[in-house]
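First up is the structure itself, then whatever we jot down about it.
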2 protein chains.
Amino acid sequence: LAEERISRRDGLGELRPAPVVVLVEPQMGENIGASARAMLNFGLSALRLVNPRDGWPNPAATAMASGAAPVIDGAKVFASVPDAIADCQYVVAATARTREMLLPVLTPSEAGAELKARIGRGETCALMFGGERAGLLNEDLMRADALVSIPVNPSFASLNLAQSVVILAYEWALADGRESYQSDLVDAFPAPKEDFERLMEHLIGALDDVNYFFPSGKRPVMVKNLRIALSRAGLTEAEVRSLRGVIKALTRERDGES
Amino acid sequence: LAEERISRRDGLGELRPAPVVVLVEPQMGENIGASARAMLNFGLSALRLVNPRDGWPNPAATAMASGAAPVIDGAKVFASVPDAIADCQYVVAATARTREMLLPVLTPSEAGAELKARIGRGETCALMFGGERAGLLNEDLMRADALVSIPVNPSFASLNLAQSVVILAYEWALADGRESYQSDLVDAFPAPKEDFERLMEHLIGALDDVNYFFPSGKRPVMVKNLRIALSRAGLTEAEVRSLRGVIKALTRERDGES
């Protein structure tokens, strides 16, 4: 674990399991550094970056992180959101645009509690944030399991990236310090995102073969809606395997008929 | 009210009554600007600065505040903490050093709830923060009515100034959005700090006259302890007047005897 590596190398103390932080196309190194510092203030240390604008490593990020430089040194860079969350089982995306997606919308406190319950069961979880200019795009949001919205002054709602990170890290730490609650979902250990992605590719490929997406202009929104509906199910690895078996069976049936 | 001025001038919408933010000897303009932005994100707009290191106005603060520049423009500068909180009736000081003072220690959430109850009763309240290097000094803390401590990772506890501001502003806004609770203290409308200061000066002067503070090396700590004990009472204006009458009466008695 990245956490363990950092604590061993830098004597920052034993860090407990915590969510991964994914910054999607962050622009300013200063904000990446300030985010790293905010993370470590509340016991988070695993940082992942998707296409940072100014490349990586970024000296401005290291300078701004000050004592949290080990978080910066341990950061991993990915070319896409699916790559960055491939091993994650539960992803919460921070956004102000909560009405555009049929995903659960959590308060920061609820997000902390949900992450605490899931990490307590051994799931790999992520908090995902968008870049400074536009935040997360819909195509990023739809890869999350839930959205989290920070309740801001509607007249001045533009929250700095590191300020969003610190509020959610703070709520995580509050939840982590509370007694864990027993979730109803305790037996439903979700599949990693990469398994879910393969299921979606399999399904969409099969549907393309039968020209399900009609008219073709509606394909993107139909794909998005399918993805969100299935993602809300929080499918386990076994369920993903079953569903792929279903698709395979239906396809074979059709191929047999044609 | 500063809030009203800002909303009228800049169309930032109607802001509800909220705590004043006092930054004591802040060093970097960037942190003042980031604090102003964090304040306005959660509906706070009245900023007071005690001896900002680089003078005032500070272009770096304005640049960093971006859309919250009106908070910077409306900031007031003071030469001392007592001056900055003279009209305040309740002051919460942010600090990690909570064991050194016999003051109530609140969590950020409790501080939000207490401020909400008091501002709902019409009190002028402040959230006070220290500078980047050392935070608030003991002589600042002892002028507060309560301390608030943000629970951080003990291995990396150094929280950026604007990050502290945003967490407490966020907790204020959460409390402000909840139903107000009825406090037991509803009839105890505290005196402004400047009245309390005059009471303390009066009392200490009277005690100096009778060489109460002995040995003289212990005077500072004895004064501090007296101040904290009396400050915890949350004296009303009427009570401050009564106590000054008591001091006057005792002094007159002694002067008559001598």
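Proteins get letters first, then strands, A, B, ... in listed order; numbering begins at 1 in each. These numbers come from the heavy atoms of this one structure, side chains and all, not from hydrogens, waters or symmetry mates.
Interatomic distance, CG of A/Leu174 versus CD1 of B/Ile167, reported as 8.5 Å (0.5 Å rounding). The CG atom of A/Leu15 sits 5.5 Å away from the CG atom of B/Asn153 when rounded to the nearest 0.5 Å. With values rounded to the nearest 0.5 angstrom, A/Ser164 atom OG is found 11.0 Å from B/Tyr170 atom OH.
For A/Ala169, no part lies near chain B; criterion is any non-hydrogen pair under 4.5 Å. For A/Phe42, the parts lying under 4.5 angstrom from a heavy atom of chain B are both the backbone and the side chain. With a 4.5 Å cut-off on non-hydrogen atoms, A/Ser158 touches chain B through its backbone and its side chain both. Using a 4.5 Å cut-off between heavy atoms, B/Ala157 contacts chain A through its backbone alone, with no side-chain atom that close.
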Which pairs would a plain distance check flag for residues 130-143 of chain A, meaning a side-chain donor or acceptor within less than 3.5 Å of a matching protein atom at least two apart in sequence or in another chain?
from: A/Glu132; atom 1: OE1; to: A/Gln27; atom 2: N; distance (Å): 2.6
from: A/Glu132; atom 1: OE2; to: A/Gln27; atom 2: N; distance (Å): 3.4
from: A/Glu132; atom 1: OE2; to: A/Met28; atom 2: N; distance (Å): 3.0
from: A/Glu132; atom 1: OE2; to: A/Asn31; atom 2: ND2; distance (Å): 2.9
from: A/Asn138; atom 1: ND2; to: A/Glu100; atom 2: OE1; distance (Å): 3.3
from: A/Asp140; atom 1: OD2; to: A/Leu137; atom 2: N; distance (Å): 3.1
from: A/Arg143; atom 1: NE; to: A/Glu139; atom 2: O; distance (Å): 3.4
from: A/Arg143; atom 1: NH1; to: A/Glu197; atom 2: OE1; distance (Å): 3.1
from: A/Arg143; atom 1: NH1; to: A/Glu197; atom 2: OE2; distance (Å): 3.1

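Residue A/Ala34 comes nearest to B/Gln163 through the heavy atom pair O-NE2, 3.8 Å, listed as atom of the first residue, atom of the second, then distance.
Residues of residues 82-90 of chain A lying within less than 4.5 angstrom of chain B, judged on heavy atoms, are absent.
Residues A/Asn160 and B/Arg37 form a side-chain contact, since some pair of their non-hydrogen atoms from C-beta on lies under 4.5 Å apart.
Here A/Pro151 is the residue among A/Pro154, A/Ala173, A/Ser109, A/Pro151 with the most heavy-atom pairs under 4.5 Å with chain B.
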